[in-house]
Amino acid sequence: MGILLLGKDGQLGWELQRALAPLAPLVACGRGECDLSDPAALRVLVAAARPAVIVNAAAYTAVDKAESDAATAHAINAEAPRVLAECAAASGALLIHYSTDYVYDGKKSAPYVETDAVAPQSVYGRSKLAGEEGIRASGARSLVFRTSWVFGEHGGNFVRTVLRLARERDSLSVVDDQVGSPTPAALIADVTAAALLRLDLGRRLGDGESRLYHLAAANPLSWCGFARRIVELAGGRAGGLRFDAQAIRAIPSAEYPTPARRPANSRLDCSKLAADFDLHLPDWQPYLQRMLAQIVAR
């Protein structure tokens, strides 16, 4: 009995394969191996794998598209985690799941703690919250990590979008009134592995024990600040881009309307996670530097 990983092809799933492989025999599945919108297929997969740990890194993450595709978002973000949790509860497995800062309305002036009231403002946020609730109601042993602004070397993300636009355009405007912590997928994967080791692959959790943690990198900033740092570390014009960091214009969210509402404050207080597992949540910038170096090397 080992680890069953869902969502292996995403930016987080890719890093989780690296981080989890040394801990136990690992079965990693992507869309080709399992359709998360098919509850029966999920149950068959879990029954065949007989895992001690189920790690669900699969999700519907098209935040704006979810506003017009609520059924699919709910099936993948809410129903699939519930089914996985029911399977875990029935077999005694541990379920690890990843949620989002979008469960909050973003109106708090300080970083959010796990006990703060939730009030998602989008279909995506509501679907992720429903997934959390389904897991808690299942009676399964579980760890749920709420994270924010995930980026990584593999898959689509804000970093890659900024780099692409910086090669195509002469300037860029980015919202400056939404603040959060860019969080490397590699960091999330490493923290997951560390937590699993501390918990002896879940055996140190009590029956039905469900824990919720915030997991984000240190040093939050605005989307505009993040975009400027990406361009700066990529070298700006000297690095082959069409503009330098100072050319990025800061704008309010009102000037960039989107179908889904984003929280203005996405800062997450991670002190509970740090204390329970004796961890230090580092700055995201060294991870970004390594990611940019890998992209250039290719």
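Any value given below was found using the heavy atoms of this structure, including those in side chains, with hydrogens, waters and symmetry copies removed. This structure is a prediction, so every number in the text was calculated from the model and none was measured.
Leu172 and Trp223 fall within a single hydrophobic cluster, where Ile, Leu, Val, Met, Phe, Trp and Tyr side chains are chained together by heavy-atom contacts under 4.5 Å. Residues Val191 and Val53 are members of one and the same hydrophobic cluster, defined by side-chain heavy-atom contacts under 4.5 angstrom among Ile, Leu, Val, Met, Phe, Trp and Tyr. Cluster membership for Leu94 and Phe145, using ILVMFWY side-chain heavy atoms within less than 4.5 angstrom, is shared.
Taking the six-membered ring wherever Trp is involved, the centroid distance between the rings of Tyr213 and Phe277 falls below 6.0 Å. Aromatic ring centroids of His214 and Tyr104 lie under 6.0 Å apart. Aromatic pair Trp284/Trp149: ring centres not closer than 6.0 Å. For Phe151 and Phe158, the ring centers sit 6.0 Å or farther from each other.
Salt-bridge check for Asp244 with Arg228: failed, with every basic side-chain N at 4.0 Å or more from each acidic carboxylate O. Ion pairing of Arg198 with Asp278 is present here, as a side-chain N (NZ or NE/NH1/NH2) and a carboxylate O approach within less than 4.0 Å. Ion pairing between Glu133 and Arg82 fails under the 4.0 Å rule for side-chain N and carboxylate O. Between Arg31 and Asp9, none of the side-chain N atoms (NZ, or NE/NH1/NH2) sits under 4.0 Å from a carboxylate O, so this pair counts as no salt bridge.
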ask   = Going through the distances and angles, do Asn56 and Leu36 end up as a side chain to side chain contact (heavy atoms under 4.5 Å, CB included)?
value = CA-CA 10 Å; Asn56 182 32; Leu36 262 74; 3.9 Å; yes
ask   = salt bridge (charged side-chain N to carboxylate O under 4.0 Å, His left out) between Arg211 and Glu209: does it pass, once the steps are laid out?
value = CA-CA 7 Å; Arg211 296 190 188 181; Glu209 184 177 354; 2.9 Å; yes
Derivation and outcome, side chain to side chain contact (heavy atoms under 4.5 Å, CB included), residues Leu281 and Leu273 = CA-CA 9 Å; Leu281 279 302; Leu273 174 70; 4.2 Å; yes
Salt bridge (charged side-chain N to carboxylate O under 4.0 Å, His left out) between Asp190 and Arg18, worked out = CA-CA 9 Å; Asp190 289 341; Arg18 168 192 56 79; 3.0 Å; yes
task = Decide yes or no on side chain to side chain contact (heavy atoms under 4.5 Å, CB included) for Ile188 and Glu15, but give the supporting numbers first.
result = CA-CA 8 Å; Ile188 300 171; Glu15 295 290 351; over 6 Å; no
inquiry  = Would Glu86 and Ser138 count as a side chain to side chain donor-acceptor pair (under 3.5 Å) here? Give the steps.
reply    = CA-CA 5 Å; Glu86 290 174 352; Ser138 70; over 6 Å; no
query = Where do Leu20 and Val55 land on the side chain to side chain contact (heavy atoms under 4.5 Å, CB included) test, with the steps shown first?
reply = CA-CA 10 Å; Leu20 299 180; Val55 180; 3.9 Å; yes
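Using a 3.5 Å distance cut-off with no hydrogens or angles, the side chains of Gln178 and Ser222 do not pair a donor with an acceptor. A donor and an acceptor atom, one from each side chain of Ser148 and Ser181, are nowhere located under 3.5 Å apart.
Under the 4.5 Å side-chain criterion, counting only non-hydrogen atoms from C-beta, Gln17 is in contact with Leu5. Residues His97 and Leu143 fail the side-chain proximity criterion, which asks for heavy atoms closer than 4.5 Å. Residues Ile3 and Val27 form no side-chain contact, since every pair of their non-hydrogen atoms from C-beta on lies 4.5 Å or further apart. Inter-residue side-chain proximity for Leu84 and Leu6 is flagged as met; some heavy-atom pair is nearer than 4.5 Å. When side chains are defined from C-beta on, Asp269 does not count as touching Tyr112, because their heavy atoms never get closer than 4.5 Å. At a threshold of 4.5 Å between non-hydrogen side-chain atoms, the residues Leu288 and Phe226 count as touching.
Smallest separation of non-hydrogen atoms from Tyr124 and Thr61: CE1-CA, 4.0 Å. Closest of all the heavy-atom pairs between Leu95 and Ala88 is CB-CB, 4.2 Å. Of all the heavy atoms in Cys29 and Leu45, the pair that sits closest is SG-CD1, 4.0 Å. Pairing each heavy atom of Gln11 with each of Val150, the nearest pair is NE2-O, 3.4 Å. When all heavy atoms of Ala59 and Lys128 are compared, the closest pair comes out as CB-NZ, 3.8 Å. Here the shortest heavy-atom pairing between Ala140 and Ser210 reads O-CB, 4.5 Å.
Residue Arg262 is tested with Asp64, Asp105, Asp101 for a salt bridge (charged side-chain N to carboxylate O under 4.0 Å, His left out); the sole match is Asp64.
Atom CG of Leu292 and atom CZ of Arg229 lie 10.0 Å apart (nearest 0.5 Å). Between the CG atom of Leu187 and the OG1 atom of Thr147 there is a distance of 8.0 Å, given to the nearest 0.5 Å.
No more than 12 heavy atoms of other residues, nucleotides or ligands lie within 6.0 Å of CZ in Arg169, so this atom counts as exposed by the packing criterion. Within a 6.0 Å sphere centred on CG of Asp200, heavy atoms belonging to other residues, nucleotides or ligands number more than 12. In this structure, Arg261 places its CZ atom where only 12 or fewer heavy-atom neighbours from other residues, nucleotides or ligands lie under 6.0 Å away. Atom NZ of Lys108 has more than 12 heavy atoms from other residues, nucleotides or ligands within 6.0 Å.
A cation-pi arrangement is present between Arg290 and Tyr287 under the rule of less than 6.0 angstrom and at most 45 degrees off the ring axis.
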